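Counting starts at 1 for both ligands and their atoms, in listed order. Note that this is a predicted model, so its numbers are computed, not measured.
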Amino acid sequence: MNDSPLALLGGEPVVTAPGPHFLWPPIEDADRHAIAAQLETAVSIPDRSGVIADLENALASYLGVRHVVTTCTGTAALHSMYVAAGIGPGDEVIVPALTFHATATPLFHLGAYPVLADVDDRGQLDLADVARRITARTKAVVAVHLWGLPEDLDALTSFVDGHELMLLEDGSHSHGATWNHRMTGTFGAASAFSLNGPKPLSAGEGGFVATDDTELYYRVLLHGQYNKRCRREIPASHLLARFAVTGMGLKLRIHPLAAALARTQLTRLEDHLTGRQVVAARMCAALEDVPGIRVPDLSVAARPSWYALPLRYEPAELGGLPIERFLDAVHAEGATEADRPGSTCPLHTHPLFRAPGALLPGYADRQDAVVGGFPAAEYVHATTFKLPVWSGANDIGLADAYTTAIAKVAAHAKDLS
Ligand SMILES: *Cc1c(COP(=O)(O)O)cnc(C)c1O
């Protein structure tokens, strides 16, 4: 195979299967039946009953937490989590400079400041940089398990304990990923997850907050689940129970049809994670010795969810071939779903983080929260591309074809210069 010329230069492509090569979530008859049945049962659920209770109970027992509250999106879950954690005007929350923007953007709606911290060479929070950014106003540090690869949660928990800060988690890539056999999303005071389309667990659109802290749970309800849920779930004797009818005024409930989809998807999540683990190990083994490519450096404590396989590109090993040209050649080989992360990028490059005051009154004079360079975040972003991680035994041929395509381009890199 590697003797054929590059497809970009007129040779035969490696991947011949027609696209799209990766579809998520996988829809089966169980999903169709669950949604059809839900359509006949209830399409609006104002309290914690029916499919909402089923899904929240199943998520709580899967993660091993006391409370789960579903929301309409992951962004809303993050918003509710921050409010419930007591983040307010003037507070600073340290977030990784390299993540999807919604990890941080809800803070702008609380008068709080996302303070970006650089990442290390693996793309994980650089705790030395986090330490430099702590001030008297710092309330919390947010861990994001990017691409489903768990952060070092031993280091993070002892770091936040040492600095008397709260740990919060954005588990939007890491459903079912574990650190030392414990679920990501259970290490912080609370965690927020997305259930958006391509995420490892999908409702199409949705999200949830998970926590063991009952007071925090009540505040999550008051933030986005007003009236019946608050009236039924917050004890009448509680100081905040009198706010139950209006809550804080926002309505962020998940749609019951979305909840029905997430519920059936959840029954198959472990199988998908096991499948992805096998395929990811196979892809990493195939790429390990390919020049110019670095597979993730995984701790033995980590079981990733493999939302994607992030690969690092080292142009110096391929005669300085730019990543864009390398990927053009990979795409020409038919591996069209190898791509560079788009919206998951260094946050300080977004206008909202550079000049929030232009959109959000009150932020005009305060841009120092993102001041400073984030050289590692920029470097990691500039040198990362990712592959889908398939979960089915039927997809192993496709996974092999993708890694063969990458190895072929690397072997022929000099033909592209
Ligand atoms: C998807 C995602 C979100 C936002 O979730 P939505 O459901 O799209 O609102 C937040 N953080 C991360 C890391 C994400 O990947």
With a cut-off of 4.0 Å, which atoms of ligand 1 are near a heavy atom of [X]?
X	value
L78	10 (C)
G206	7 (O)
N196	7 (O), 8 (O)
T103	11 (N), 13 (C)
S172	2 (C), 3 (C), 10 (C), 11 (N), 12 (C), 13 (C), 14 (C), 15 (O)
G74	5 (O), 6 (P), 7 (O), 9 (O)

Can you pull out the closest protein heavy atom to atom 3 (C) of ligand 1? Residue, atom name and distance to 0.1 Å, please. F100 CD2, 3.6 Å
Among protein heavy atoms, which sits nearest to atom 15 (O) of ligand 1, and what does the distance come to when rounded to 0.1 Å? H173 NE2, 2.7 Å
With the threshold set at under 4.0 angstrom, would you say K199 reaches ligand 1 through any of its heavy atoms? yes
Which option wins on minimum heavy-atom distance to atom 13 (C) of ligand 1: T105, T73, D170? D170
For Y82 and F108, I'd like to know if the aromatic rings sit close, meaning centre-to-centre distance below 6.0 Å. no
[X] side chain to [Y] side chain, donor-acceptor N/O pair below 3.5 angstrom:
X	Y	result
S49	D47	yes
R263	N57	no
H67	T214	yes
E169	H145	yes

Tell me which part of T344 gets within contact of ligand 1: side chain, backbone, both or neither, using heavy atoms under 4.0 Å. neither
Quick one: does ligand 1 sit under 4.0 Å from the side chain of T75, the backbone, both or neither, non-hydrogen atoms only? both
Would you call the rings of H348 and F374 parallel, tilted or perpendicular, where under 30° means parallel and over 60° means perpendicular? tilted
Whether D395 side chain and W390 backbone form a donor-acceptor pair below 3.5 Å: no
May I ask you to say whether K139 pairs ionically with D91, meaning some side-chain N is under 4.0 Å from a carboxylate O? yes
